[in-house]
Amino acid sequence: MTKTIKFSENVYTTVCPGCGFGCGVYLRELMPEGENHILNIDYRKPSPVNEGKLCRFGVKLPEYFEQTEYNSDSFETGLNEKHMEAIKKAADALKGVKSSEIALVSAGNTTNEEHMAFINLGKTLNTPVNTCVNHVYKDIGKLHVYTSGNVSYSEIENAKKIYLFVNPYVSYPLLTRRLVHAKRKGAEIVYFGLKKLPIACKNVKTKPCESLYEVDEFKPDSETVIISDITPYTNSKRISEIVEIANPEKTEAKLLFMKPFVNSTGAGHLSRHSKQKTIQNIIKGIEDGTIRVLFCLDTDIINMCLNPEVENVLKKVETLIVMSSTITPICEIADVLIETEPFYKKEGTVVNSERRIIPMSSTLDNPIRAGFNQINEIIKAVGGNAKSFEDTKEEILSEFGIEKVDEFKIPEVSIKKYDVEKVSDKLEVCCPADEPDTNAKFIYELNPFMWHNRKDENDYIEISPEFISEIKLIKGHTADINCACKSINKTLRYKPTDMENGYIFSQKKQPFAKAPVAKVNIKPTPLVKKQ
Amino acid sequence: MTKVKVGDRLIGWSTNEEVRSNGGSGGLVTAVFAAALEKGLVDNVVVLEKANQFEAVPIITDSVEDVFNSAGSMHMLISNQTKYLQQFKNEASIALAVKPCDMRGIREQQKRNTIDSDKIFTVGLNCGGTMAPFKIREVVESVYEVDPDQVKGEEIEKGKLIIETFDGEHHSHSIDDLEVDDHGRRENCRYCTVKIATNSDLACGNWGVIGELSGRGTYVEVMTEKGAEFLQNAIDMKFAEVVEAPEKGTEIRGKVNGVMLKMAANTHKEVFKPIEGDKLEDLRKELENCIHCGACKEVCPVCACGVDAKCNKYYDPTDDYDISLYHLIRFLHLSDSCIGCGQCTDVCPADIPLTRLYRRFANPVQEELDYMPGMDDRTPPFFLTKLEELE
């Protein structure tokens, strides 16, 4: 047999960072001697969350990591000079301002262990860690008990009635099979939205701003599981109405709120006692100069916000510290950039939307804890007491009221109320609402590609066949879409979809819409005459 | 004993008593791999790194010690050895254990030049079927009423799934009973018609090991010159010992295989009974929840198409066809080469029974063309058709 080149291999048992569903996956890192590593996924069939199945984002994880990770091999030998220099700069900036002038942000794109270390940094600096997700309603503290995961995915399969407020095919694809199983067992699935979903037995037309008190079909009872989500764009009024009408204490209806980031639920839980700021409050604070240092831990506010103007606002902050495992737009404008190991190489735990605590490990002899160690170095540099990885793990277990991590059992957690600053309960619109020259409403369908600013084959809009006829779009051609003030125009392909007239959907951020729901004008792209 | 040669039917075991006790059926496979590594016949062996009794990941090693430590079999490990090998782009020489369907995938890829047969050595393991690991965990808890963390091992014997716990107890249930409630083997395994991996270098297993060697020896059939060389090497290096298989054992092996194939034929009839009503509507309905993740193509052991694959090229997300061209092209493309391994069904996030759908197209085509992919060196018929047309 011919001799060949030498290979070594690491396998990381990790979680897909695409959304808060918590899909288990193996990342294989193959290292041919003297060459760059090669990444591949392997399907983790023993995972209690997804049994190895992945969505389009998950299937493309190697590509995602290869395109966004820093030189990941450099983390295996500990922190280097470049890391230490960035850590010193970050610590100097944090020491140079008052506590009230610092905003720490971690939306849950990293492990509980890093988030907990970040909270420890916040305690040292006397400032909270803001998660920027559980912020949508002024009374979220009261709702938190219902929005933090109290239904397991397997309970969905056994439900008799399911009320859906998310499009599973697009937003949380792995929900689909749970719904398929439920339907096979006889569940009645009702979708409240503007599309007609094949999985639904009944599709109830429900506009984004419509009050659920006016939707007769929304009658949850003890046999109902309601599935919605909480994201930075969530209509807070909708969430409060779901909880008010469902009134779980009275009706015994069950609520599952999906979350957009891999550890949104864990981060939300660990930060629950702190009085947090919203993204809007932080941006306002930067604009009026009351926030001078912004420190983002694996949270790209530019990616999270629909309005691209946010980038210019962030450039105004005195010091923008970014600690990131991926190369994202906010890294480009950071004053201090602390590069960390890619997510799949992290050791620790995350909590998914059903509140399952999932461990992440590897076949490495010495686990990489670069991100965790970097936060600890900053804590030490600002005069705090850094905790060991083991102590931090213990603290996390105690926060979740468990003695050991067992991904096959969802821990019972007693949820308490917590405070956030008051925010608007209205959906934003990018242009005046009564613009006469608009003929459609544009809606984003949130999905992992959008949250992570990744390219996909999703740069098109969906529109109903009736609306296509009405505005005379030509088959095989494109549509021109303007924002209401007509300052931005984009030409896009379109897909006929069984959905409500007068609306258009996109799974990709579009420049003509700076809010989750925006008024737009759509018309056929003028045909160019051939010369 | 004379030199090992192609066609030999032997019973073998590891000379290392610890490996013989821990390894599946006497540890012969472990011994052959370890000896091959020691001698330098291969650079790497694929071993299983166990997380627990329900989870293990295949990983390469060049350490003989790792090979010895990894001894043991797992029926719930549904790895995809074809895709695993393809990662190495023929730049490593690797020895690995395979199920018959793994080997079928590998042989189909050899025909497509993505896996070089000179660079691999395969030991095929008898396979009565595999079980989804998460499902088995649930079954252990709900049907066997055993704490999954207390499971030491599992075995399929005489139509029963036997669970052994750390306290030495054996808990068993009939596979037929388990399968009534879909608690047993994966659907494709139930109608699979290749139970002995005669398409690999050495076809090994415990069927046909009788008498005092029962549980302490492996029946091995030497299928290729390379198989003979590797087994002889293990004997020469005193890693393994073999004796000629008794005729009675060979007869029993054939009988077990026959019973399994009969069961498979019955399941095949049941699963593939003619569709009543509108076939196209049935297909549309099965596929309506597809989210176009592309995982079914990614894991397909016989697909060698790259980014320009026709199924992707002709699929446009803005199309509103009732059945996407992606699926229609794949049904056609795989009808001569689908091996029914079940990988596509395993990874489908919408739980579409894809293998069953592919087989609906492949069964009549492969029967008509008299072609069983992955079992010999025949060129896939669709390749031939193309060449004949060109001529």
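Chain A is the first sequence line, chain B the second, and so forth, proteins listed ahead of strands; every chain is numbered from 1.
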Quick check on the interface: out of K45(A), R44(A), E51(A), K60(A), who has the most heavy-atom pairs with chain B under 4.5 Å?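 Most heavy-atom pairs under 4.5 Å with chain B: K45(A).
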Pairwise distance [atom1]([X]) to [atom2]([Y]) - rounded to 0.5 angstrom:
X: I352(B); Y: T176(A); atom1: CD1; atom2: OG1; value: 9.5 Å
X: D320(B); Y: D498(A); atom1: CG; atom2: CG; value: 10.0 Å
X: I59(B); Y: E9(A); atom1: CD1; atom2: CD; value: 5.0 Å
X: K89(B); Y: I5(A); atom1: NZ; atom2: CD1; value: 10.5 Å

Of the listed residues (A51(B), S79(B), P317(B), A350(B)), which shares the most heavy-atom pairs with chain A below a 4.5 Å separation?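 Among the listed options, the one with the most contacts to chain A is P317(B).
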Among D149(B), N90(B), D316(B), which residue forms the greatest number of heavy-atom pairs with chain A at distances under 4.5 Å?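 Counting heavy-atom pairs under 4.5 Å, the top option is D316(B).
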Side chain, backbone, both or neither: which part of [X] has a non-hydrogen atom closer than 4.5 Å to chain A?
X: D116(B); result: neither
X: F88(B); result: both
X: Q87(B); result: both
X: P58(B); result: both

Please give me the minimum heavy-atom distance between [X] and [Y], naming the atom from each residue.
X: K495(A); Y: D319(B); value: CE-O, 3.3 Å
X: V59(A); Y: E298(B); value: CG1-CG, 3.5 Å
X: C293(B); Y: C55(A); value: CB-C, 3.7 Å
X: I291(B); Y: R56(A); value: O-NH1, 3.6 Å
X: R177(A); Y: D351(B); value: NE-OD1, 3.3 Å

Would a 4.5 Å heavy-atom cut-off, applied to side chains only, mark [X] and [Y] as touching?
X: D42(A); Y: V57(B); answer: no
X: E91(B); Y: F7(A); answer: yes
X: S47(A); Y: F134(B); answer: no
X: Y169(A); Y: N289(B); answer: yes
X: D346(B); Y: Y43(A); answer: no
X: N50(A); Y: P349(B); answer: no
X: N40(A); Y: K83(B); answer: no

NZ of K196(A): more than 12 outside heavy atoms within 6.0 angstrom?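 Counting other residues, nucleotides and ligands, NZ of K196(A) stays at 12 neighbours or fewer.
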Check the surroundings of atom CD in E225(B): do more than 12 heavy atoms from other residues, nucleotides or ligands lie under 6.0 Å from it?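 Open: at most 12 neighbouring heavy atoms sit under 6.0 Å from CD of E225(B).
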Stepwise, does the side-chain hydrogen bond (donor to acceptor under 3.5 Å, both in side chains) test hold for E55(B) with Y26(A)? CA-CA 12 Å; E55(B) 182 164 12; Y26(A) 301 119; 2.6 Å; yes
Please classify the contact between F408(A) and chain B as side chain, backbone, both or neither, with a heavy-atom cut-off of under 4.5 Å.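 For F408(A), the side chain is the part near chain B, not the backbone.
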What part of L54(A) gets within 4.5 angstrom of chain B, counting heavy atoms only: side chain, backbone, both, or neither?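 Interface part for L54(A): backbone (N, CA, C, O).
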